[in-house]
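All ligand and atom numbering here is 1-based and tracks the order in the structure. Since the model is a prediction, treat every value here as computed from it, not as a measurement.
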Amino acid sequence: MPVLVMKFGGTSVATPDRIKRAAKRVGLEVSKGYDVIVIVSAMSGKTNELVGWVNETSPMYDAREYDAVVSSGENVTAGLMAMTLQEMSVPARSWQGWQVPLLTSSIHSAARIEEIPTHNILAKFSEGMRVAVVAGFQGISQEDRITTLGRGGSDTTAVAFAAAFSADRCDIYTDVDGVYTTDPRIAENARKLNKISFEEMLELASLGAKVLQTRSVELAMRYKVKLRVLSSFDEPSEDAGTLVCHEEEIMESNVVSGIAYSRDEAKMTLVSVADRPGIAAAIFGHLSDAGVNVDMIIQNIAEDGRTDMTFSCPTEQVMRAERALQEGSSKLHVNFQQLIADTNVAKISAVGIGMRSQSGVAAKMFKTLSDEGINIKVIATSEIKISVLIDRKYMELAVQALHDVFELEKTP
Ligand code: ASP
Ligand code: MG
């Protein structure tokens, strides 16, 4: 029988009543003839609560025990979902990560999925079980310890199961009804996209649109998993939500598909570093060793053998970056006159595969920002993305203006 993967996020399983609602959706797909693998998150707020308990108990916690604790939220919802389905006379069984077993690397709290053997679950399907309810977010390492996949990791569990079982589709049920052209809380004419390409979704996800864990999109792209994002609160329908798919499957799209933003960015400038071979390698090698996620980088033109180096990183990593660079200055001979941190910036990005073939997108974006009197501090581009750093106080204005100028409210 064909297999379908259905993933329910925290808000969709927040109470026994909501679990019942989600289970009805599952029952519907079973009645269509699917064997279903349901991936569940913890009840909304649960994982945060568990993380809080860990920090309260042991600020310098053992990473293995952290995973033992924070993975437990999903165990509860998996059991409750299986019970609910049984109450509806749907043959169902719950599976924790280790029971599958979902094999991962040993990097606790950021483990990578290595393998999902399918035989145990397939054997149960052939015996008449119709739904395997799997606890998302968790797995087991070679050392037989419980691991977790990073926050938001149930999305990745779901896509990995869809790939392993060659599922017809992977439906991600969440609290929004799809992927939008931008955040509807900022631009009220934001439009839900019927389809979006993997490449664009990947950019949007890593740029701050929090619908899907970035890793899950990468995985779906690599294994050609048909991914759909939809709400468990809407009436079931065939074309609900947003389909994330290969760009060949999208007939028409706007040049720009979406405007993403990230509020918590910082701009760091190293004033007057030596302009010599190896300087960038030393600076960014040191930052990377310290776990700083550097995004945009600018190196100015050198004068008298000195240059300025600017980069962006998440605001919460500024202290770590400063410490790494101060240390680096003595250890690695990265001498600089001054380190300036500007923590009042936001990053705005326009994303669209249409940019590959259309010129003038960057010019239009810069002109729009200038018309609003917004100064651009840093620019970075890729084939399908243009990002700028601006003062945070203009963030909403910039998102609205760009959404308007690229006419994203209009269906292509
Ligand atoms: N419960 C985990 C989290 O909140 C995993 C997930 O829901 O995807 O991060
Ligand atoms: Mg999530």
Plane angle bin for Phe311 and Phe284 - parallel if under 30°, tilted between 30 and 60°, otherwise perpendicular: perpendicular

Atom 4 (O) of ligand 1 - nearest protein heavy atom and its distance: Arg151 NH2, 2.9 Å

Passing option when Thr181 is tested against His403, Lys192, Arg191 for side chain to side chain donor-acceptor pair (under 3.5 Å): His403

Ligand 1 contact by Gly153, heavy-atom criterion under 4.0 angstrom: yes

Pair Ser44-Thr11, side-chain donor/acceptor within less than 3.5 Å: no

Per-atom contacts of ligand 1 with Phe137, taking only distances under 4.0 Å to non-hydrogen atoms: 2 (C), 5 (C)

Check ion pair Glu247-Arg356 (N to O, under 4.0 angstrom): yes

Under 3.5 Å: N/O of Gly152 near N/O of ligand 1: yes

Nitrogen or oxygen of Asp155 less than 3.5 angstrom from that of ligand 1: no

Min N/O separation Lys7 to ligand 1 under 3.5 Å: no

Atom 6 (C) of ligand 1: nearest protein contact (heavy atom, Å): Ser154 OG, 3.3 Å

Taking atom 7 (O) of ligand 1 as the reference point, the nearest protein heavy atom with its distance: Ser41 OG, 2.8 Å

Test side chain to side chain donor-acceptor pair (under 3.5 Å) applied to Asp67 and Arg145, Gln138, His108, the passing residue: His108

Partner of Asp391 by salt bridge (Lys or Arg N to Asp or Glu O under 4.0 Å), out of Lys347, Lys377, Lys267: Lys377

Heavy-atom nearest neighbour of atom 2 (C) of ligand 1 within options Gln138, Glu74, Gln213, Met43: Glu74

Validation row, ring centre Phe233 to ring centre Tyr173 under 6.0 Å: no

